[in-house]
Amino acid sequence: MIILKPKVIVIVGPTASGKTALSIELAKKINGEIVSCDSMQIYKDMDIGSAKPSIEEMQGIKHYMIDIVSPDERFSVAEYKKQAEMAIEEILQKQKVPIVIGGTGLYADSLIYGIEYKEVEFDAEYRNELENIAKEPNGLEGLYNKAKKLDSVAMEKISPNDKKRILRVLEIYHSTGKTKTEMEAESRKNGVKYDYRVFAIDMDREVLYERINKRVDLMLEMGLVEEVENLLKKYKEFPTAMQGLGYKEVVQYLNGELTKEEMIEKIKQETRRYAKRQLTWFRKNKQTIWLDGLSDMQNNVSIILGGIN
RNA sequence: GGGUAGGUGGUCGAGUGGUUAAUGGCACCAGACUGUAAAUCUGGCCGCGAGAGCGUACGUUGGUUCGAAUCCAACCCUGCCCA
């Protein structure tokens, strides 16, 4: 007898494509609960800028993976994967349908492909050391070559300019004694735990960009600047949280590096570019069923219902 | 009205007689992506063509020249200064 893996619905899509509304509609219809897949909504006190769904919007549907870490803590995909799977398990135990929803492709893939992240200690001192070397003239080039000697396979895909990934290759080796390539091979060993059904929302690019622009204006009206001011007051450091779109620009504005108009334009522009990158990511998965964000929501719900049977 | 600086590809901005379809930045498009991912990086980017290539381009119209975005003339427009 074949044991079927439990079904898990995944809905991805660029910012401002209507994921929240669709997911809640769907959850109501199929007795589902929502697992957020968003690298910024995990942070507490970052509500407006991360477009977190409000209590009213949630309409009583339980949401997981929102407000789970403090902005002054370091977070990572590995952490996400672990906790999100626990959430999925919990929902399944309740005989409900897990709906993973969000725009962070890396996080979504960690679930969809069942990537197992082995323990890798974060060594702040080593990171620092590497950062300093990278700052020197030809420093990055040296690190690139060093990484290439360690793991030429991984480095084939990494540009000599890609500091972040070069550092990562070195860090992995530094703290585990294994290469990134070895780690990746191990990470896929266990296979996928659930029967993921992936849907992605797309929409006319121009309309999407319009919606993004409007949403940024709305965020400002809702008090994004005040939100950032409060964050800065409340927390001392932001190892990962301040990478969030909208947040770093407001900080620049508060520091006098940008005028208000420049800040607004920059947030809009960066958000548009981000949306484009998200779409690129989602296109990679050929199993994905695409939805048109501009078509009727009930229609999209039906497509999803059809896609999970 | 006088003087002066200028008008370059979607935009900003180099280029001052020929390897110039025109450096670069930005936007835009496409792509990559396994522990910072709303991050980081790569490629393309006048039109047509798979390509060789062809066509059209540096305010306008003429001119000089074997050859002009680059020199000359007139005109149009913009900024600044003086009236």
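In what follows, chains carry the letters A, B, and so on, assigned in the order in which the sequence lines appear, proteins first and then strands, with residues in each chain numbered from 1.
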Do Phe199(A) and Val35(A) belong together in a cluster built from hydrophobic side chains that touch within less than 4.5 Å?
no
Nearest whole angstrom, please: distance from the P of rU34(B) to the OH of Tyr80(A).
18 Å
Check this one for me: any side-chain N or O of Arg165(A) less than 4.0 Å away from OP1 or OP2 of rU36(B)?
no
Can a donor-acceptor pair under 3.5 Å be found between the side-chain atoms of Arg74(A) and the base atoms of rU36(B)?
no
Kindly write out the residues that satisfy ring pair (Phe, Tyr, Trp, His ring centres under 6.0 Å) with Tyr113(A), not counting sequence neighbours, or none if the list is empty.
none
Verify the contact: side-chain N or O of Lys180(A) to OP1 or OP2 of rU34(B), cut-off strictly under 4.0 Å; return yes or no.
yes
Gln243(A) or Glu184(A), whichever maps to the more 5' nucleotide of RNA chain B:
Glu184(A)
Could you give the CZ-to-C1' distance, from Phe238(A) to rA37(B), as a whole number of Å?
19 Å
Work out how far the C1' atom of rG67(B) is from that of rU78(B), and round it to whole angstrom.
32 Å
Sequence neighbours left out, cut at 3.5 Å: what donor-acceptor pairs do the side chains of residues 58-67 of chain A make with other protein atoms?
{"residue": "Gln59(A)", "atom": "OE1", "partner": "Lys28(A)", "partner atom": "NZ", "Å": "2.6"}
{"residue": "His63(A)", "atom": "ND1", "partner": "Ile61(A)", "partner atom": "O", "Å": "2.9"}
{"residue": "Tyr64(A)", "atom": "OH", "partner": "Glu33(A)", "partner atom": "OE1", "Å": "2.8"}
{"residue": "Tyr64(A)", "atom": "OH", "partner": "Lys94(A)", "partner atom": "NZ", "Å": "3.0"}
{"residue": "Asp67(A)", "atom": "OD1", "partner": "Lys52(A)", "partner atom": "NZ", "Å": "2.5"}

Quick check on RNA chain B: between Lys248(A) and Leu167(A), whose nearest nucleotide comes earlier from the 5' end?
Leu167(A)
Under 4.0 Å, counting only non-hydrogen atoms across every strand here, what does Asp38(A) touch: a base, just sugar-phosphate, or nothing?
base
Rounding to an integer number of Å, can you tell me how far Glu171(A) CD sits from rU34(B) P?
14 Å
Checking all strands, does Ser187(A) fall into the base, sugar-phosphate, or nothing category for heavy-atom contacts under 4.0 angstrom?
base
Criterion side-chain contact (heavy atoms from CB on, under 4.5 Å) against Asp45(A), the qualifying member of Val228(A), Leu231(A), Asn230(A)
Leu231(A)
Near Tyr173(A) OH, under 6.0 Å, is it more than 12 heavy atoms from other residues, nucleotides or ligands?
no
Below 4.0 angstrom, N of the basic side chain to O of the carboxylate: do Glu116(A) and Arg188(A) qualify?
no
How many Å lie between NZ on Lys189(A) and P on rU34(B), as a whole number?
19 Å
Expressed in angstrom and rounded to an integer, what is the separation of Trp281(A) atom CH2 from rA37(B) atom C1'?
7 Å
Check: protein-nucleotides 42-45 of chain B nitrogen or oxygen pairs below 3.5 Å:
{"residue": "rU42(B)", "atom": "OP1", "partner": "Asn161(A)", "partner atom": "ND2", "Å": "2.5"}

To the nearest angstrom, the NZ-P distance between Lys81(A) and rA37(B) comes to 17 Å
Does the pair Glu171(A) and Arg168(A) meet the rule for a salt bridge (Lys or Arg N to Asp or Glu O under 4.0 Å), with working shown?
CA-CA 5 Å; Glu171(A) 281 182 348; Arg168(A) 183 94 273 267; 3.5 Å; yes
Closest of rU40(B), rU36(B), rA27(B) to the Glu270(A) side chain is rA27(B)
Using a cut-off of 4.0 Å on non-hydrogen atoms, how would the nucleic acid contact of Gly246(A) be classed: base, sugar-phosphate, or nothing?
nothing
To the nearest 0.5 Å, tell me how far Ser159(A) OG sits from Ile166(A) CD1.
6.5 Å
With distance as the sole test, does Lys7(A) use its side chain to make a donor-acceptor pair with the main-chain N or O of Ile308(A) at under 3.5 Å?
yes
Sugar-phosphate, base or nothing in reach of Ser110(A), heavy atoms under 4.0 Å
nothing
Round to the nearest Å and state the distance from Leu106(A) atom CG to rU34(B) atom C1'.
7 Å
Apply side-chain contact (heavy atoms from CB on, under 4.5 Å) to Thr176(A) and list each qualifying residue two or more places apart in sequence or on a separate chain.
Val120(A), Ile172(A), Lys178(A), Met183(A)
Pairs: protein N or O with nucleotides 28-30 of chain B N or O, under 3.5 Å:
{"residue": "rC29(B)", "atom": "OP1", "partner": "Arg205(A)", "partner atom": "NH1", "Å": "3.0"}
{"residue": "rC29(B)", "atom": "OP1", "partner": "Tyr209(A)", "partner atom": "OH", "Å": "3.1"}
{"residue": "rC29(B)", "atom": "OP2", "partner": "Tyr209(A)", "partner atom": "OH", "Å": "3.1"}
{"residue": "rA30(B)", "atom": "OP2", "partner": "Arg205(A)", "partner atom": "NH1", "Å": "3.1"}
{"residue": "rA30(B)", "atom": "OP2", "partner": "Arg205(A)", "partner atom": "NH2", "Å": "3.3"}
{"residue": "rA30(B)", "atom": "OP2", "partner": "Lys276(A)", "partner atom": "NZ", "Å": "3.3"}
{"residue": "rA30(B)", "atom": "N7", "partner": "Lys276(A)", "partner atom": "NZ", "Å": "3.0"}

Angle between ring planes, Phe75(A) versus Tyr43(A), binned at 30° and 60°: parallel, tilted or perpendicular?
perpendicular
For Arg168(A) and rU34(B), is the shortest distance between a side-chain N/O and OP1 or OP2 below 4.0 Å?
no
Gln298(A) and Glu25(A) side chains, donor-acceptor separation under 3.5 Å:
yes
For Phe75(A), answer base if it contacts any base atom (sugar-phosphate contacts may also be present), sugar-phosphate if it contacts only those atoms, and nothing otherwise; contact means non-hydrogen atoms under 4.0 Å.
sugar-phosphate
d(CG, Asn128(A); P, rU36(B)) in whole Å
15 Å
Whether over 12 other heavy atoms sit under 6.0 Å from Lys148(A) NZ:
no
Students often get this wrong, so: under 4.0 angstrom with heavy atoms, is Val77(A) touching a base, only sugar-phosphate, or nothing?
sugar-phosphate
Just checking Tyr107(A): base, sugar-phosphate only, or nothing, at a heavy-atom cut-off of under 4.0 Å?
sugar-phosphate
Can a donor-acceptor pair under 3.5 Å be found between the side-chain atoms of Ser76(A) and the base atoms of rU36(B)?
no
If you write RNA chain B from 5' to 3' in dot-bracket form, with Watson-Crick or G-U pairs under 3.5 Å, [ ] for crossing pairs and | for pairs with another strand, what do you get?
((((((((.[[[..)..(.....]]].(((((.......))))).(((....)))...[[[[[..)....]]]]]))))))).
